[in-house]
Amino acid sequence: MLATLGKRLLTVIPTLIGVIIVTFLLTRVLPGDPAVYFAGPAATPDSIAEIRKGLGLDKPLPEQFVRYVGDLAHGNFGNSLSTGRPVATEIASRLPASAELTLLGLFVSLVIAVPLGILAAVKQGSWIDHTCRVVATAGVSLPVFFTGLLLVYAFYYQLGWAPAPLGRLDAFASAPPQINGFYLIDSLVTGNFEVFRSALSQLILPVATLAIFSLAPIARMTRASMLAVLASEFVRTARASGLDTRTVIITYAFRNAMLPVVTTLGMVFSFLLGANVLVEKVFAWPGIGSYAVEALLQSDFAPVQGFVLTMAVLYVVLNLVIDILYGVIDPRVRLEG
Amino acid sequence: MKRREFLKSATALAAGTAISAPTIFSAEAQSRKETLLLVSENGPNNLDIHGVGTNRPGYEASWNCYDRLITHATKTLPDGSLSYDRDKFVPELAEDMNVGDMSVTFKLKKGAKFQDGTPVTAKDVKWSFDRSVTVGGFPVVQMKAGSLEKPEQFVAVDDTTFRVDFLKKNRLTIPDLAVIVPSIFNSGLLKAKATEKDPWALEYTKSNTAGSGAYKVTSWKPGVEVVYERNDAWIGGKLPELKKVIWRTIPSGGNRRALMERGDADISFDLPAKDFVELKKEGKLKLVSNPIGNGMYSLELNVKSAPFDNEKVRQAIAYALPYQKIIDAAMFGHAKPLFGGPSNTVSTIDWPQATGYKTDLAMAKKLMAESGAGPIESTVSFDLGDAVNCEPMAVLIQEALGEIGIKLAINKVPGANWRSEMAKKSMPMMVNFFSGWLDYPEYFFWCYSKLNAVFNTPSYVDPAMDAFIDGAYAAAAVGDKEKYATDVKGFISKAYTDVPRVPILQPYLNVAMQNNISGYQYWFHRQVDYRKLVKG
Amino acid sequence: MTDTLNAIPPVTEKPALSATPAQPKPEHNSMLRHARYVMSENPVTGLAFFLFALIAVCALIGPYIVPHDPLASDTASALQAPSWKHWFGTDQLGRDILSRVVVATRLDFIIAITSVALVFAMGGLAGIAAGYFGGWTDRIVSRLSDTIMAFPLFVLAMGIVAALGNTVTNIVIATAIINFPLYVRVARAEANVRREAGFVQAARLSGNGDARILLGHILPNIMPIMMVQISLTMGYAILNAAGLSFIGLGVKPPTPEWGIMVAEGAANIISGEWWIALFPGAALMLAVFTFNLLGDGLRDLVDPQRRT
């Protein structure tokens with residue numbers, strides 16, 4: 001098991017090297033000149049050159065790259081040019097905000113989409129099937145930022161049911177002591193229910209936005225794989241031997257149909273992380289997506305590089321976990337490189 | 001001169017009595033009452049204006065957390081709103097200012113303390129001024145505007161006496177001491193934080209405040225929020241009423257408006273003209289709006305790139321712009337027109353004032369024909385960060401110039417690249433806003449001057465223009481009003497006739513507040529001063 | 001890495017639609033019949049085909065049938081709610097939103113089609129080659145696609161557009177690149193299954209070269225399944241362009257494009273001018289919706305489970 005895991009990890013290395021190189025090159029061709037940006041509104045050519053030297057941007061690209069990789073090897077993601085803060089701490093403090101939002105969004109989406117998918121498959125071709133399909137597809141057809149703004153308009157501005165879109169907490173509430181950075185968990189552990197409620201209510205709209213967006217791929221996947229399983233020999237056999245439909249669907253079909261769904265989850269998760277960038281902007285959410293967008297628009301290399309690397313590692317780890325999970329659900333599947 | 005009559009009486013303000021809070025409210029209600037929730041599109045990237053690349057919101061943190069030796073008095077404008085008084089200075093950390101022929105001497109207030117409790121001495125002032133002319137970048141340039149260039153100019157005479165020696169006479173020297181840059185830093189603390197690579201401890205002040213100001217930053221999450229707490233020992237003025245200020249970054253403009261309309265935020269700063277006009281009409285919130293002094297939106301033409309090197313082409317463009325449409329559609333009628341004046345040869349020194357251009361297509365076509373320029377294809381650029389105003393202007397300009405045979409593409413430049421694009425001076429045409437802190441026409445005109453700094457986007461350099469500008473500076477320094485007026489009228493008329501930039505409008509700075517907020521004041525730096533705000 | 005994209009149950013050895021002369025005619029007819037059957041049985045798919053036709057017509061003749069010039073400003077009638085004169089209302093500069101929405105169809109359609117064509121040419125072919133040849137070709141293509149996949153995709157698109165400039169071409173290129181891994185995976189899996197299939201071996205035995213087998217035999221054979229992917233990513237391309245517009249990297253003004261109209265109009269929802277964002281939003285939604293349903297419908301067409 002360990003050996004296969006090791007082998008599996010080895011295949012990841014070229015991917016990561018590729019990510020590092022591409023990110024480095026991409027950030028260097030960004031059109032903005034950070035030196036000019038940071039020289040301020042009244043810059044002269046001399047002051048710009050001075051700042052460029054200070055930032056190490058006067059060195060040739062290969063040299064900058066070697067320095068960058070060297071820093072990475074020491075676990076140093078560098079400092080943001082714009083805020084001067086170490087990228088690593090900034091990402092560490094913002095990652096939980098994005099993770100809490102995305103995981104909760106994924107969870108809500110699963111809870112709705114999987115039953116929808118099963119229902120659609122069981123009642124294939126009926127109006128239920130069509131409705132499920134139309135509803136799920138409609139959700140993925142709207143740009144996420146638009147869905148988010150519409151939800152804010154309806155549930156905050158018009159109805160006043162949702163709290164103000166001010167980020168993770170009401171402005172007057174203070175964050176719970178950091179344990180793992182998930183406000184919901186931290187506040188529960190420390191018994192601060194006031195903060196728990198505030199954090200939960202702030203999460204409702206952004207989570208709904210993400211869930212609406214990810215219904216379709218999960219429901220579609222569930223439906224397709226349920227259909228495939230329902231038509232298979234062993235389900236037919238189970239049916240033929242007189243088991244009631246409920247048992248057949250839940251015990252036999254569902255478990256087998258979940259395999260491909262679990263595999264898609266990895267993709268849906270990375271899809272959601274992308275959508276997150278926009279959702280965070282709408283809800284003033286202090287996550288890493290909004291951090292990366294700001295940095296990218298400021299040609300601030302280090303945060304963009306740090307963000308991309310973190311996400312790449314996260315993605316790789318997630319797929320690894322899914323592969324392992326896959327093996328647990330279906331013992332026939334062995335971990336392979 | 002007015003600034004000689006330094007208001008000693010204003011020190012009396014400093015002895016403001018602290019208000020004893022009634023104890024009947026619950027702690028929560030009390031804290032909400034004394035806490036201000038401010039929302040804006042962007043937050044600071046640095047808490048120190050001396051820092052490398054500090055953005056405009058960063059200036060706000062510096063303004064409220066540090067003191068200057070002197071500041072401006074407050075005046076009430078005809079519409080009842082408050083504004084800084086350009087011509088009247090009052091003490092902040094200094095209690096006395098004595099302007100001599102070639103120097104100015106300050107006496108520091110007794111009992112002034114930094115937020116860590118150490119007393120403020122003339123040595124701190126000297127260290128801070130040395131810092132501002134040495135760190136490079138924006139602070140150095142801003143100090144230079146007041147002929148404050150060398151550390152030798154700054155003398156700590158004794159613990160409470162500080163003198164600035166003039167390099168030359170310059171009317172802008174004293175006003176330049178009241179801008180944000182010459183803030184007083186805690187030199188003892190910062191020397192301890194300095195390193196060999198960072199002798200001015202810029203790293204420390206980037207995320208910590210080390211001043212004697214009315215507020216200190218207790219928490220800063222870049223891009224999310226800044227939390228300030230009042231410094232109860234502040235003696236720079238009357239003790240502020242607000243104990244705490246929470247400044248949240250809300251990127252979505254619609255959401256900021258929703259927060260205000262639903263009463264969840266106290267102040268939304270720098271509203272788009274559209275929101276201002278509409279909210280004002282609804283009448284539920286308190287809206288304040290002031291024309292931005294010494295500032296204008298203009299269409300800037302790069303005179304180094306053909307065909308805009310042709311004066312006739314530039315004038316044709318100035319006659320083709322759809323001025324009124326721009327004011328109506330882009331600014332919702334809420335802007336001061338800078339067109340349709342009697343003539344391009346101006347007769348007053350008012351600034352900014354209208355050009356003699358107005359939309360006159362026949363004239364524009366005639367000038368185009370005279371210019372001999374063929375069909376023109378070019379690009380008009382603007383800063384994406386200011387798209388709310390610039391994009392509609394650019395679209396209308398594109399449409400209008402199409403009428404006189406100039407085909408334009410529109411280029412949105414992301415905020416961070418905007419400045420590097422300007423520095424390259426390769427953009428042929430820009431819709432841009434420019435303003436100067438020091439509200440004097442000759443200060444504005446450095447963007448036309450031979451220094452050819454980043455903001456001289458048209459790359460316009462002309463010896464006659466420089467003669468006028470230099471002449472105005474010299475005349476102002478010695479108080480020669482007549483010569484000053486001649487030179488100012490000279491450079492304005494020249495700028496309007498040559499039109500390297502076509503003035504369009506002077507915008508307003510708009511603020512929305514809940515009805516229980518008062519004490520908002522307009523400042524030349526266009527940031528919020530929390531010190532006089534009152535809630536309740 | 002397990003194949004995370006076997007969204008389509010693997011299809012085994014289905015003869016090419018046109019390339020195999022040995023194919024019996026009745027089979028072809030049954031395909032048509034099947035299509036008719038799927039459509040009649042599934043009204044949603046029928047609707048999707050109808051909407052697709054509508055979009056295609058708008059894209060084709062849109063600019064000639066609109067009531068107003070989509071670029072002409074009329075500041076006197078700015079921000080008007082929908083009326084008889086302006087069915088969808090007007091925007092900040094008084095431009096007719098109906099005309100802009102209709103005219104935008106062509107550009108959005110072009111963005112969708114070209115980005116999909118591009119990624120099909122790159123990813124589809126690379127995937128087929130990887131699946132067919134295996135070995136180093138496979139390794140290189142797979143690593144390349146893994147690398148792209150490991151990026152947060154939307155941020156990669158942002159980075160590409162920010163670096164190359166926000167033109168339609170670059171938006172298309174960025175969309176194509178981030179969809180590359182999807183196409184590689186589907187094409188690779190399908191080609192892999194077929195490399196030893198009877199019809200491929202037959203082709204090989206009759207002296208066809210690899211290129212000919214790939215393009216002439218395998219490609220047409222997996223086309224139906226690729227069509228599903230194509231239809232799904234067309235919708236995604238439009239959404240992607242809209243997302244880019246929201247952060248300011250969309251097409252240049254004053255070009256009408258749904259995404260940028262929604263992104264810019266969204267700021268006006270709170271202030272009550274709902275029509276500025278709603279109509280382009282509805283058009284965008286309808287298009288993406290259509291492409292998605294079309295994908296589902298096409299899947300039903302090629303799904304062996306449905307063919308029994």
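Chain identifiers are assigned alphabetically (A, B, ...) following the order of the sequence lines, protein sequences preceding nucleic acid strands; residue numbering begins at 1 within each chain.
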Next on the checklist: Please report the interatomic distance CD(E225(B)) to CG(L169(A)), rounded to the nearest 0.5 Å.
Outcome noted: 9.0 Å

Item to check | Heavy-atom side-chain proximity of P165(A) to I250(B) below 4.5 angstrom | outcome: no

Item to check | Top of G160(A), P163(A), G167(A) for chain B proximity - count of heavy-atom pairs under 4.5 angstrom | outcome: G160(A)

Next on the checklist: Using every non-hydrogen atom in the two residues, find where Y156(A) and R262(B) come nearest and quote the distance to one decimal.
Outcome noted: O-CD, 3.1 Å

Next on the checklist: Please determine whether a side-chain nitrogen of the Lys or Arg among R248(B) and D170(A) lies less than 4.0 Å from a carboxylate oxygen of the Asp or Glu.
Outcome noted: no

Checklist entry - Do P222(B) and R85(A) come close enough that some side-chain heavy atom pair is under 4.5 Å? => result yes

Checklist entry - Shortest non-hydrogen contact from A164(A) to L259(B)? => result CB-CD2, 3.2 Å

Checklist entry - Does N255(B) reach the side chain of L166(A), with side-chain heavy atoms less than 4.5 Å apart? => result no

Checklist entry - Checking heavy atoms, do the side chain of V282(A), its backbone, both or neither come under 4.5 Å from chain B? => result both

Checklist entry - Taking everything shown except Q158(A) itself, do over 12 heavy atoms lie less than 6.0 Å from its CD? => result yes

Checklist entry - Roughly how far, to the nearest 0.5 Å, is the CZ atom of F145(A) from the OG atom of S252(B)? => result 11.0 Å

Next on the checklist: For the CZ atom on F434(B), are there more than 12 heavy atoms of other groups (residues, nucleotides or ligands in this structure) within a distance under 6.0 Å?
Outcome noted: yes

Next on the checklist: Check this for me: R197(A), atom CZ, are more than 12 non-hydrogen atoms of other residues, nucleotides or ligands nearer than 6.0 Å?
Outcome noted: no

Item to check | K144(B) atom NZ: more than 12 heavy-atom contacts under 6.0 Å | outcome: no

Next on the checklist: Tell me if the NZ atom of K244(B) is crowded by more than 12 foreign heavy atoms within 6.0 Å.
Outcome noted: no

Checklist entry - So, do K221(B) and S93(A) sit near enough that their side-chain heavy atoms are less than 4.5 Å apart? => result no

Next on the checklist: If you define the side chain from C-beta out and look only at heavy atoms, does anything of V224(B) sit under 4.5 Å from R94(A)?
Outcome noted: yes

